[in-house]
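Comments concern the structure below.
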Amino acid sequence: MAKTILEFDVVICGSGPSGATAAFLLAKHGLKVALIDKEQFPRDKLCGGLLTEKSYKLIKSTFGNDFFEPDLIEFSSNKFEIFYAKQKILSAFSKKLFIYVDRKKFDFAILKRALDSGVNFFSKTKVIDIDIKNLLVFTNSNIFKGRYIIASDGVNSVIRGCLIKKGILVDKEYKDNLTLAMEIYNYEFTTDRASIYFGFTKFGYGWVFPNKKRTLVGIGALISKNKGLIKKQFKNFLNSIGLDAPKIFNAHLIPTGWISNRFGFDNILLVGDAAGFVDPITGEGIYYAVKTGQMSAEAILMSEKNKLFAEVNYNSLIQNIVSNLKRRRIYRNLIFGTKFRLVIKFFLLIILFLFKDRLLKFIHE
Ligand SMILES: Cc1cc2nc3c(=O)[nH]c(=O)nc-3n(C[C@H](O)[C@H](O)[C@H](O)COP(=O)(O)OP(=O)(O)OC[C@H]3O[C@@H](n4cnc5c(N)ncnc54)[C@H](O)[C@@H]3O)c2cc1C
């Protein structure tokens, strides 16, 4: 049976923080928006749920001061500590709060804002392919046609894959910069601070984050630097803090340090994880997802006026983010690049004791 073609101004593929933010802003400006996701919402998402000051501020300025209803913040604290293997090397306070959310509730709250602004949401709709010339999105149900397409379908983006296959994007360095992250929820013990553990893996770290009734314990590291070892490293990390390894490991990829040659094609734009916009050192991605979701909407609204391709407008808007991520990738390679574990420890000690406040500024701002 022939599939129906549904027509919209903008078709947004993926309803995580990046896609739902773009959808909210575009619909608010009167565009007819389709937001597609393969999942039924609210859906779970493997994540530490940590919002830095810059994320918290950006989200409030985008969705309004009333966005963070008390129920949406699971925990907040300015306490943190850093370990090298089992040894604590710093216990301190940050001037700014770390906010912890539950991604199931948080992503659904953004989606609700989008729905309230008039977005047409299609759940259980999986993007399979696109026609870049005619701006068609093929899914397991209908075909969607837009004047613009936003690819917000996360780290395994189908649309990015299509652009790579066509030779428009170059995936050189993509695999080398992929982090594998594993995480468990522990309900047996609680904590009131973020604890970061170095020394269990290369080019990555372990974490213990507070949340309301549970503690989130995870590890994330570059696959290319820890071939086949990350599961074992996670087990060692869990055992070292007195936890048993689970039978089933929940794992997800994070693009940490891949800087694409292009961030779209004409009126197709890539945002958030689909574009590789994640901090290469910390793995923070929510800020970049919301920010680039916002910028993609702005680029499209500019195109409606100046008639340039949205990609041209988007490129000028994301310039600072791209240079910032490039700089952070250099720092990451410097900090984690040494082969000598003692040098890493020494580096960390110097940075923490001499530049603690600068480091916190670097993370929060
Ligand atoms: C273990 C882990 C811990 C993390 N911790 C933090 C943290 O503490 N703080 C932080 O800031 N960041 C963290 N991140 C990174 C953060 O989760 C991501 O950067 C962020 O979710 C990116 O948002 P996004 O909207 O681009 O993509 P996503 O949130 O991944 O959303 C993509 C959406 O697209 C949908 N989708 C995918 N494929 C298709 C398809 N073919 N068709 C239709 N829909 C599709 C998915 O269902 C999903 O809803 C963590 C990541 C991991 C893996």
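Note that ligands are numbered from 1 as they come in the structure, with each ligand's atoms numbered from 1 the same way.
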(message) Could you check whether Asp107 pairs with Lys45 (Lys NZ or Arg NE/NH1/NH2 to Asp/Glu carboxylate O, under 4.0 Å)?
(response) no
(message) Tell me whether ligand 1 is touched by Cys13 - counting only heavy atoms on the residue side and a distance under 4.0 Å.
(response) no
(message) So, using side-chain contact (heavy atoms from CB on, under 4.5 Å) as the criterion, who are the partners of Val155 when residues are at least two apart?
(response) Tyr174, Leu178, His252, Leu253, Pro255, Asp273
(message) As a check for students: among Asp153, Val278, Leu216, Val127, identify the option with a heavy atom nearest to atom 37 (C) of ligand 1.
(response) Asp153
(message) Between Asn186 and Thr215 (side chain of the first, backbone of the second, donor and acceptor by atom type, cut-off under 3.5 Å), is there such a pair?
(response) no
(message) Looking at Glu74 and Lys105, is any side-chain nitrogen of the basic one under 4.0 Å from a carboxylate oxygen of the acidic one?
(response) yes
(message) Under 4.0 Å, heavy-atom basis, I'd like to know which part of Ile254 is in contact with ligand 1: side chain, backbone, both or neither.
(response) side chain
(request) State if Val155 counts as touching ligand 1 under the rule of any non-hydrogen atom under 4.0 Å. (result) no
(message) Quick test: of every protein heavy atom, which one is nearest to atom 45 (C) of ligand 1, and how far off is it to 0.1 Å?
(response) Lys38 CG, 3.7 Å
(request) Using a 4.0 Å heavy-atom threshold (strictly under), name the region of Ala20 that reaches ligand 1: side chain, backbone, both or neither. (result) neither
(message) Hydrophobic clustering (ILVMFWY, side-chain heavy atoms < 4.5 Å, transitive) - are Leu51 and Leu111 grouped together?
(response) yes
(request) Check each atom of ligand 1 against the heavy atoms of Gly16 and keep those under 4.0 Å away; list them by number with element. (result) 25 (O), 29 (O), 31 (O), 33 (C), 49 (O)
(message) Tell me the protein heavy atom at minimum distance from atom 6 (C) of ligand 1, and give that distance in Å.
(response) Cys47 SG, 3.3 Å
(request) May I ask you to decide if the ring planes of Phe63 and Phe24 are parallel, tilted or perpendicular, using 30° and 60° as cut-offs? (result) tilted
(message) Only heavy atoms of Gly272, strictly under 4.0 Å: list the atoms of ligand 1 that pass.
(response) 26 (O)
(request) Could you establish whether Gly49 and ligand 1 come within less than 4.0 Å of each other, counting only heavy atoms on the residue side? (result) yes
(request) Identify, by atom number and element, the atoms of ligand 1 in contact range of Val158, meaning under 4.0 Å from any of its heavy atoms. (result) 41 (N)
(request) From the options Tyr205, Phe237, Phe200, Tyr197, select the one residue that forms a ring-ring contact (aromatic ring centres under 6.0 Å, His included) with Phe83. (result) Tyr197
(request) May I have the step-by-step check of side chain to side chain donor-acceptor pair (under 3.5 Å) for Asn313 and Asn306, ending in yes or no? (result) CA-CA 9 Å; Asn313 294 322; Asn306 66 15; 3.0 Å; yes
(request) Using a strict cut-off of 4.0 Å, indicate which atoms of ligand 1 neighbour a heavy atom of Gly14. (result) 33 (C), 34 (O), 35 (C)
(message) Students should be able to answer this: which protein heavy-atom is nearest to atom 29 (O) of ligand 1, and at what distance?
(response) Arg103 NH2, 3.1 Å
(message) Measuring from atom 7 (C) of ligand 1, which candidate in Leu50, Thr292, Thr21 has the nearest non-hydrogen atom?
(response) Leu50
(message) To check your reading of the model: name the closest protein heavy atom to atom 1 (C) of ligand 1, its residue, and the distance in Å.
(response) Ala181 CB, 3.5 Å
(message) Please work out, at 4.0 Å between heavy atoms, whether the side chain, the backbone, both, or neither of Thr125 comes within that distance of ligand 1.
(response) backbone
(request) Quick one: look up the protein heavy atom nearest atom 23 (O) of ligand 1 and list residue, atom name and how far away it is. (result) Ala289 CB, 3.5 Å
(request) Output yes when a side-chain donor or acceptor of Ser224 lies under 3.5 Å from a complementary backbone atom of Asp176, and no otherwise. (result) yes
(message) Taking 4.0 angstrom as the limit and counting only heavy atoms of Gly283, give me the atoms of ligand 1 inside it, by number and element.
(response) 12 (N), 13 (C), 14 (N), 15 (C)
(message) Please list, in number order, the atoms of ligand 1 under 4.0 Å from a heavy atom of Gly154.
(response) 27 (O), 30 (O), 32 (C)
(message) If we only consider heavy atoms of Arg43, is any one of them less than 4.0 Å away from an atom in ligand 1?
(response) yes
(request) Check Ile286 against ligand 1 and report side chain, backbone, both or neither, counting heavy atoms closer than 4.0 Å. (result) both
(message) Out of Lys54, Lys45, Glu39, who is nearest to atom 28 (P) of ligand 1 when you count heavy atoms only?
(response) Lys45
(message) Does any N or O of ligand 1 fall below 3.5 Å from an N or O anywhere on Asp273, backbone included?
(response) yes
(request) Measure from NZ or CZ of Arg193 to the centre of the six-membered ring of Trp207 and say whether it is under 6.0 Å with the direction within 45° of the ring axis. (result) no
(message) Looking at Asp9 and Lys32, is there a salt bridge between them, counting it only when a charged N and a carboxylate O are closer than 4.0 Å?
(response) no
(request) Identify which of Ser18, Gly293, Gly220, Gly48 has a heavy atom lying nearest to atom 3 (C) of ligand 1. (result) Gly48
(message) Are the side chains of Phe336 and Phe198 in contact, using a 4.5 Å heavy-atom criterion?
(response) yes
(request) Look at atom 10 (C) of ligand 1 and say which protein heavy atom is nearest, naming residue and atom and giving the distance to 0.1 Å. (result) Gly285 N, 3.4 Å
(message) Minimum distance, heavy atoms only, to atom 47 (O) of ligand 1: which one of Asp37, Leu51, Leu111 is it?
(response) Asp37
Would you be so kind as to tabulate the donor-acceptor pairs closer than 3.5 Å made by side chains of residues 276-283, with sequence neighbours excluded?
unit_1, atom_1, unit_2, atom_2, d
Asp279, OD1, Ile281, N, 2.7
Asp279, OD1, Thr282, N, 3.1
Asp279, OD2, Arg328, NH1, 2.6
Thr282, OG1, Glu284, N, 3.2

(request) Determine yes or no for a side-chain-to-main-chain donor-acceptor pair under 3.5 angstrom, with Lys145 supplying the side chain and Asn134 the backbone. (result) yes
(message) With a 4.0 Å cut-off on N to O distance, would you call Lys212 and Asp102 a salt bridge?
(response) no
(message) With heavy-atom distances below 4.0 Å as the criterion, list the atoms of ligand 1 near Ser152.
(response) 32 (C), 33 (C), 34 (O)
(message) Please list, in number order, the atoms of ligand 1 under 4.0 Å from a heavy atom of Lys126.
(response) 41 (N), 42 (N)
(message) If you define the side chain from C-beta out and look only at heavy atoms, does anything of Lys231 sit under 4.5 Å from Phe249?
(response) yes
